[in-house]
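As structure tokens, the structure follows; a few thoughts come after it.
Starting from 1, each residue takes its place in the sequence as its number.
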Amino acid sequence: MTTIDYSVWDHIEARVERMEVFMKKGEELEKSLMESRRKLAEAQRRVQELVSASTPEAKANLAKAQEEEKRLKKQERSWEKKLQEHRIEEKKMPWNVDTLSKEGFSKSVVNVKPEKEEETEEEKEEKHKTFVEKYEKQIKHFGMLRRWDDSQKYLSDYPHLVCEETANYLVIMCIDLEVEEKHALMEQVAHQTIVMQFILELSKSLKVDPRGCFRQFFAKIKTADQQYQDAFNDELESFKERVHGRAKIRIEKALKEYEEEERQKRMGPGGLDPVEVYESLPAEMQKCFDDKDIQMLQDAISRMDPTEAKHHMKRCIESGLWVPNARADEEGEKDKEEGDEPQYEEVKKEEQ
């Protein structure tokens, strides 16, 4: 079984990295706001002290302190605005695990996946084979669904389908359908492939069993804003493009294998391909084969350089393009070896 790794999820991982940078920026904004508020509180206390004081020095410093208080209030509002804008952007992020949790998807409601040793390729192959043999019909049924509610209900009925094996099978299924030129059906299954992969990515982010978080995905996707929907659609379009590419490669490979098989079947007694030999002949000789005219060929050979003529005739015989006269006597065979013009019983021309 071929390991499925078309790097279709590269930009999902990149988005996770962007999220980490985004969250770090949010933390820095919160720290800056807190520091601004601390300084403002100190300035406000200083103003109150100067207001209550009656010394000339205090009155002289009051205006300066009030100006500082005003500056710090403006700075506080600026940090508050930046943090608010950041939080608005956070809600629009396509994949934000923290946002999911804030919307009621607590990590405590799902089981954390236990640590386990990394599976070998052989183990993964056997696991995939066993799983598909047991649940292939159910996987295909899920692949044909489209509505969010139908998909969620089906996975609720068959939660064992929420796994890497299902995702891998759906990927292969998409490529098979594209090779068979069932484009509309491929796009249907591709949609479900991305649904499954998004659930698995959410599982990895939350560090929980995917069977325990697929409902979170559907709750999120069904209430998503346009930006979130666009993110899902972008993933889907990217995946379909990769399917087109993989299908094209598979078709080209199959054609090459078929052509090689046909070529092997055509091989003459000397191991040469008659089609390739025919295409390498001078145009005058090709016409002789096209017309299947032995006399015309002998005349053409007589006008050629003896060395060149011998070279072409030898290749024709080794490819089976021409079959020598089987009834030729030993003298005739000797003459042929010495370079005399051979006599032929038939012309065997391959269909072009």
inquiry  = Taking CZ in Arg315 as the centre, count heavy atoms belonging to other residues, nucleotides or ligands within less than 6.0 Å. Is the count above 12?
reply    =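 Counting neighbours around CZ of Arg315, more than 12 heavy atoms of other residues, nucleotides or ligands fall under 6.0 Å, so yes.
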State whether the side chain of [X] and the backbone N or O of [Y] hold a donor-acceptor pair below 3.5 Å, judged by distance alone.
| X | Y | value |
| --- | --- | --- |
| Ser280 | Val277 | yes |
| Ser205 | Glu201 | yes |
| Ser78 | Lys74 | no |
| Glu69 | Gln44 | no |
| Thr223 | Ala219 | yes |
| Gln192 | Phe142 | yes |
| Ser203 | Val208 | yes |

query = Between Phe232, Phe218, Phe239, which is the residue that forms a ring pair (Phe, Tyr, Trp, His ring centres under 6.0 Å) with Phe198?
reply =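 Going through the options one by one, the only one that passes is Phe232.
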message = salt bridge (Lys or Arg N to Asp or Glu O under 4.0 Å), that's the test. Do Lys25 and Glu28 meet it? Break it down for me.
response = CA-CA 5 Å; Lys25 179 182 178 181; Glu28 292 174 351; over 6 Å; no
Lys/Arg N to Asp/Glu carboxylate O, [X] vs [Y], below 4.0 Å:
| X | Y | value |
| --- | --- | --- |
| Arg303 | Glu284 | yes |
| Glu68 | Arg71 | yes |
| Lys70 | Glu67 | no |
| Glu136 | Lys140 | yes |
| Glu42 | Arg38 | yes |
| Lys287 | Asp291 | yes |

ask   = Quick one: does Pro282's side chain get under 4.5 Å of His312's, heavy atoms only?
value =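 Heavy-atom side-chain distance check passes, below 4.5 Å.
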request  = Flag the pair Tyr135 / Glu165 as yes when at least one side-chain heavy-atom distance between them is below 4.5 Å, and no otherwise.
outcome  = no
Only distances under 3.5 Å count here; give the side-chain donor-acceptor pairs of residues 174-189 to other protein atoms, sequence neighbours excluded, each with its distance to 0.1 Å.
unit_1, atom_1, unit_2, atom_2, d
Asp176, OD1, Arg250, NH1, 2.4
Asp176, OD1, Arg250, NH2, 3.4
Glu178, OE1, His183, ND1, 3.1
Glu178, OE2, His183, ND1, 3.1
Glu180, OE1, Lys182, NZ, 3.3
Gln188, NE2, Met144, O, 3.0
Gln188, NE2, Leu145, O, 3.1

query = Can Asp299 and Gln295 be counted as having a side-chain donor-acceptor contact under 3.5 angstrom?
reply =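 Result is yes, a qualifying pair exists.
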Steps toward salt bridge (Lys or Arg N to Asp or Glu O under 4.0 Å) verdict (Arg37, Glu80) = CA-CA 10 Å; Arg37 286 174 175 172; Glu80 286 177 341; 2.8 Å; yes
inquiry  = Check for me, please, whether Leu236 and Val171 land in the same ILVMFWY cluster - side-chain distances under 4.5 Å, paths through other members count.
reply    = yes
request  = Report yes or no: do Trp148 and Leu202 belong to one cluster of Ile/Leu/Val/Met/Phe/Trp/Tyr joined by side chain heavy-atom distances under 4.5 Å?
outcome  =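 In one cluster: yes.
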Would you mind writing out the side-chain donor-acceptor pairs for residues 154-164 within the sub-3.5 Å range, not counting sequence neighbours?
unit_1, atom_1, unit_2, atom_2, d
Ser156, OG, Gln152, O, 2.8
Asp157, OD2, Lys153, NZ, 3.1
His160, NE2, Gln138, OE1, 2.7

